[in-house]
A.B. asks: 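Take a look at this one; I'll ask things after.
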Amino acid sequence: MNISEISKKRHDGAFSTTAPSTRAIHAGQEPDPITGAVVTPIYMTSTFKQDGVGGLRNGYDYSRSANPTRTSFDTQLAAVEGARHAASFSSGLAAIDALLRATLRPSGRILLGNDVYGGTYRLLSKIFVPWGVGLDVVDTTDTAAVSAALSNRHYDYLWVETPSNPLLAVTDIAATAAVAHAHGTRVVVDNTFASPVLQHPLKDGADVVVYSTTKYIGGHSDVVGGAVLLDDDDTYSRVAFVQNAAGAVPSPFDSWLDIRGLKTLPVRMRVHSANAMAIAHWLEGREGVDRVWYPGLESHPGHDIAARQMHGGFGGMISVQLTGGMKAAKRFAGATEIFTLAESLGGVESLIEHPAAMTHASVSGTTLEVPGNLVRLSVGIEDADDLIADLDQAFAGLGD
Ligand SMILES: *Cc1c(COP(=O)(O)O)cnc(C)c1O
C-alpha cells in the first residue's frame, strides 16, 4: 500500500462506522506486520532502503517526506476527526504557517477573530502582513459583523477560534460558515480548545481545522506539535507539498507521543470537562470574583450555541476576572499549589497563568489586548475537590 492508498483507507477504511473513541485506539494502529508489535514503533530512521532504484517500500524514501510513525498518527487523527486528510507538523504554528503559505499569495486577505491565540496574531501580523497579505480583525461571535466585513471586501479566509483564547468566546460555526461561503470565503477553525472529541467543525461546515497537538491531543505537556485537517484533496496536496518542501515535520518520537495521547483523549476530555464545570460553578458568585468565563455556565453569552455545537462537555479551560484588578490576578496566579504557574494548556496537570503578562503579552497594545485582571485556568484531571481546595487557599491569601 502506498501513502496515497493509506490516506484513502483512512477515510473509507474499516473504522469509518465505529465511534471516535474506538477509532482513537485502533485507526492507523495495525500491529507491526513483521513482529506483531501491538504499539506502533518509533521509526527512528531518516532514510529507507530501496529495492532497486525507485523501488520504494510502501512509498517511504526519506523521513521529511513521510515516516511510518507520522503516517500512523495522521491516520489516527484524521479518523477521530472524521476528516479525509491530516498533515502533522512540528508545532501548531508550523501547521498554520504551512496551510497559509500553501494556499495564499501576496494580495490575499484574512479576516481574523478578535480573540485568537496571541501567537497566531503574531504570525499573521509580523510575518504574513509584511509578505503582502491583508489582515483585518472582527468579532466572529457577531455573525452580523462578520457578514458586514465580508460584504465590504473579499477575504480568502475567515479565521475562527471557538471557544477562543483566553476569553472562551463561542462562535456559531455553522452560521458563520454559511455566511462566509456565500461570499466565497473559506473558513478555518482552530479547534485546539475543544479538541476533536467535543467539537466537529468540518461537519458544521468549516473547510479546514487546525490544532496545536501540544495541548489536549498530546495531553501530557511533553510534546509540541500541530496538525491541519481537511477533506479537499487539492488543498491537502498543497499543504503536503509545503510540509515536504519547507520541512517543519514532527520527529517520529513526537508522533509516537501524539499517538499515545490521542488514544486517551476521549476519556480525558470527559474528566477535564466535568472538573472545569464543577470549578466554574464554585467560582461563580464567589467573593473576589468579578466574572467567570466558561461556556458551560448559563451566564456565558455563548452558552446556548456551545450547548448545541459542543458534544459531551465544554472543555477544561476557564478564565476568571478578579475584582482586585491586575495586582490580585498576578498574586492569585502565583499562590496556587496544585495548579502550576505555567503557559500552555490541555495536559493532565492543572495549570494557571496570567494572560496579559504571559501567553498574550505579544498582543498588548493591539485590538486583541486582554484584561489585566484575568487569570486563565487549564483544569487538569486531578480530583475536583483537591483543585477547588487549592483555589480556595489561593483566594484566602488575597485577603491580606
Ligand atoms: C498553543 C496554541 C497554538 C499554537 O500552537 P503551538 O503548538 O504552540 O505552536 C495555536 N492555537 C491555539 C488555540 C493554541 O492554544
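The first residue of the sequence shown is numbered 1, and numbering continues consecutively from there. In listed order, ligands and their atoms are each counted from 1.
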A.B. asks: Could you tell me whether some N/O pair between G92 and ligand 1 is separated by less than 3.5 angstrom?
C.D. replies: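 Yes, at least one N or O pair falls under 3.5 Å.
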A.B. asks: Numbering the atoms of ligand 1 from 1, which are under 4.0 Å from a heavy atom of G225?
C.D. replies: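 The list of qualifying atoms is 7 (O).
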A.B. asks: Tell me: protein heavy atom nearest atom 14 (C) of ligand 1, and distance?
C.D. replies: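 Closest protein heavy atom to atom 14 (C) of ligand 1: K215 NZ, 3.0 Å.
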A.B. asks: Taking atom types as modelled, is there a side-chain donor on E349 or T340 under 3.5 Å from an acceptor on the other?
C.D. replies: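 No donor-acceptor contact under 3.5 Å links the two side chains.
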A.B. asks: With respect to atom 11 (N) of ligand 1, which of N191, D190, V210, T192 exhibits the smallest heavy-atom separation?
C.D. replies: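 Considering heavy atoms of N191, D190, V210, T192, the nearest to atom 11 (N) of ligand 1 sits in D190.
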A.B. asks: Among all protein heavy atoms, pick out the one at the shortest distance from atom 4 (C) of ligand 1; state its residue, atom name and that distance to 0.1 Å.
C.D. replies: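 Among all protein heavy atoms, the one nearest atom 4 (C) of ligand 1 is Y117 CE2, 3.4 Å.
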A.B. asks: Charged N to carboxylate O under 4.0 angstrom, R308 versus D304?
C.D. replies: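 No, this pair does not count.
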A.B. asks: Before signing off on this row, confirm whether A94 and ligand 1 have an N or O atom pair separated by under 3.5 Å.
C.D. replies: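 Checking ligand 1 against A94, no N or O pair falls under 3.5 Å apart.
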A.B. asks: Between Y117 and S212, does any side-chain donor sit less than 3.5 Å from a side-chain acceptor?
C.D. replies: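 No pair is found: no donor N or O on one side chain lies under 3.5 Å from an acceptor on the other.
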A.B. asks: Taking N or O atoms only and a 3.5 Å limit, does E161 qualify as a polar contact for ligand 1?
C.D. replies: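 Between E161 and ligand 1, no N or O pair is found under 3.5 Å apart.
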A.B. asks: Taking only heavy atoms of L93 into account, list the atoms of ligand 1 that are under 4.0 Å away from them.
C.D. replies: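 Taking each heavy atom of L93 in turn, ligand 1 has 4 (C), 5 (O), 6 (P), 9 (O) under 4.0 Å.
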A.B. asks: Could you check whether any side-chain heavy atom of L123 comes within less than 4.5 Å of a side-chain heavy atom of I96, counting everything from C-beta outward?
C.D. replies: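 Side-chain contact under 4.5 Å: yes.
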A.B. asks: May I ask you to test the F395-V289 pair for a side-chain heavy-atom distance under 4.5 Å?
C.D. replies: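 In short, these two side chains touch, coming nearer than 4.5 Å.
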A.B. asks: Checking side-chain contact (heavy atoms from CB on, under 4.5 Å) between N191 and each of I217, L202, V209, V210, which is the one that passes?
C.D. replies: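 Answer after filtering I217, L202, V209, V210: V209.
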A.B. asks: Give a yes/no on ligand 1: does G346 have at least one heavy atom closer than 4.0 angstrom to it?
C.D. replies: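 No, G346 has no heavy atoms under 4.0 Å from ligand 1.
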A.B. asks: Does either side chain, that of Y157 or that of T103, offer a donor lying less than 3.5 Å from an acceptor on the other one?
C.D. replies: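 The criterion, which ignores hydrogens and geometry beyond distance, is satisfied for T103 and Y157.
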